[in-house]
Amino acid sequence: MATSPERWQRVQSLFYEALQLPTDARPSFLKNRCGGDQQLQKELEDLLEATEKPLDFLKQPVFEAAHHMVQDNTQRTLAAGTKLAHYEIVSLLGTGGMGEVYLAEDTRLRRKVALKMLKPELTGEERDLRRFEQEALAASALNHPNILTIYEFRQLDNLRFIVSEYIEGDTLRQKIAHGPLQPNPVVEIAIQIASALSAAHASGIIHRDIKP
């Protein structure tokens, strides 16, 4: 079923409400709040069940995509200048197992954003769509200065993508590649990472693949 912005907002709202309840109280809550919409109830049940498992998407988070730079322009799915709603594609930043990350321009707010796009060949798989939706929900629940901000989840025709803030600069992996870091910067980086992980854990999200 197409995920309209209105339906996405409803899923997001009910998901967060249910997440705060004890596990045994969730079935009756969903039954009452979904108002007989069996597809919506099943979608929420699947998402809540998924929160009990490690999130695979954290192996390739949006903010590390720049490490996997694609040099061959023929690999691009979307050309520069392509418009998706009020977002205009600027360039491809990187690619991962489930999707591609693009630098784009938010023409309404006049700011750069990152678009994480689910690969077209995966849009027909319900499991992959659920994982992608789970990523959007989980990431959007986090609000922390050391965690990438998720702006929205969008669907246009057969394209699904997450819109997040775009942060310029080198990744930690790239900094390390330049040579050993001094003790003070290392401590500051470690503090920021620990703070972000603490915030994620407080929201019930466990990052199982910290790197580098």
Side-chain angles (χ1 to χ4, degrees), residues 5 8-23 25-26 29 43-68 93-94 96-99 101-104 106 109 111-118 130-154 160-176 181-212:
W8 168 251
Q9 290 295 328
R10 188 180 182 196
V11 169
Q12 190 176 37
S13 176
L14 291 175
F15 173 79
Y16 291 146
E17 288 186 58
L19 201 59
Q20 303 303 314
L21 298 174
T23 304
R26 293 173 182 174
F29 169 82
E43 184 175 358
L44 287 162
E45 288 172 347
D46 290 344
L47 288 169
L48 289 166
E49 181 182 356
T51 62
E52 307 300 325
K53 304 173 183 178
L55 298 182
D56 289 340
F57 81 87
L58 288 173
K59 280 191 170 185
Q60 177 62 30
V62 175
F63 48 83
E64 287 191 0
H67 174 66
H68 300 277
L93 291 176
M98 285 189 66
V101 181
Y102 293 88
L103 171 63
D106 183 336
L109 299 178
R111 64 181 176 183
K112 292 179 180 180
V113 296
L115 266 58
K116 183 172 184 181
M117 193 81 56
L118 183 64
R130 284 288 175 266
R131 287 174 59 195
F132 198 62
E133 187 173 10
Q134 180 192 352
E135 170 175 352
L137 281 168
S140 66
L142 303 175
N143 183 15
H144 189 275
N146 300 125
I147 297 177
L148 197 73
T149 299
I150 301 297
Y151 296 138
E152 66 171 325
F153 171 81
R154 294 293 298 266
R160 272 86 167 180
F161 57 94
I162 295 172
V163 184
S164 72
E165 70 175 310
Y166 171 69
I167 300 176
E168 298 186 61
D170 291 341
T171 65
L172 179 56
R173 189 187 301 275
Q174 290 168 334
K175 288 182 178 294
I176 292 175
L181 301 180
Q182 296 301 310
N184 286 343
V186 168
V187 171
E188 179 60 29
I189 290 170
I191 290 173
Q192 293 180 38
I193 292 172
S195 179
L197 288 173
S198 178
H201 293 171
S203 296
I205 297 173
I206 305 301
H207 197 317
R208 64 176 185 171
D209 189 30
I210 306 300
K211 57 184 180 288

Query - Listed partners of Ser13 passing side-chain contact (heavy atoms from CB on, under 4.5 Å), at least two apart - result: Glu17
Query raised in the report: Who passes side chain to side chain donor-acceptor pair (under 3.5 Å) against Thr149, sequence neighbours left out?
Result: Glu165
Query raised in the report: In chain order, what residues pass the side chain to side chain donor-acceptor pair (under 3.5 Å) check against Gln192, with sequence neighbours excluded?
Result: Asn146, Glu188
Report summary line: Asp170 meets the side-chain contact (heavy atoms from CB on, under 4.5 Å) criterion, sequence neighbours left out, with Gln174, Lys175, His178
Report summary line: Residue set satisfying side chain to side chain donor-acceptor pair (under 3.5 Å) with His201, at least two apart, ordered chain then number -> none
Report task. Compare every heavy atom of Val113 with every heavy atom of Tyr151, then report the nearest pair and how far apart it is. Result -> CE1-CG1, 3.8 Å
Report summary line: All heavy atoms of Ala199 vs all of Leu142, minimum pair found to be O-CD2, 4.1 Å
Report task. Please name the pair of heavy atoms, one in Leu103 and one in Leu93, separated by the smallest distance, quoted to 0.1 Å. Result -> N-CG, 3.7 Å
Report summary line: The reported gap from CG in Asn143 to CD1 in Ile150 (rounded to nearest 0.5 angstrom) is 11.5 Å
Report summary line: Closest heavy-atom pair, Ala18 versus Leu48, reported as atoms and distance to 0.1 Å, is CB-CD1, 3.7 Å
**Report entry** Heavy-atom closest contact (Leu14 atom, Phe29 atom, distance)
**Finding:** O-CE2, 3.9 Å
Query - Glu152 side, atom CD; Phe161 side, atom CZ - distance, nearest 0.5 Å - result: 6.5 Å
Report task. Under the side-chain contact (heavy atoms from CB on, under 4.5 Å) rule, collect the residues that match up with Pro145, sequence neighbours excluded. Result -> none
Requested in this report: Measure across Ser195 and His144 and return the closest heavy-atom pair with its distance rounded to 0.1 Å.
Outcome: OG-NE2, 2.8 Å
Query raised in the report: Given the rule in the side-chain contact (heavy atoms from CB on, under 4.5 Å) test, do Leu181 and Ile189 qualify, once you have shown the distances and angles that lead to the verdict?
Result: CA-CA 10 Å; Leu181 301 180; Ile189 290 170; 4.1 Å; yes
Report summary line: Applying side-chain contact (heavy atoms from CB on, under 4.5 Å) to Glu168 and not counting sequence neighbours gives Lys112, Tyr166
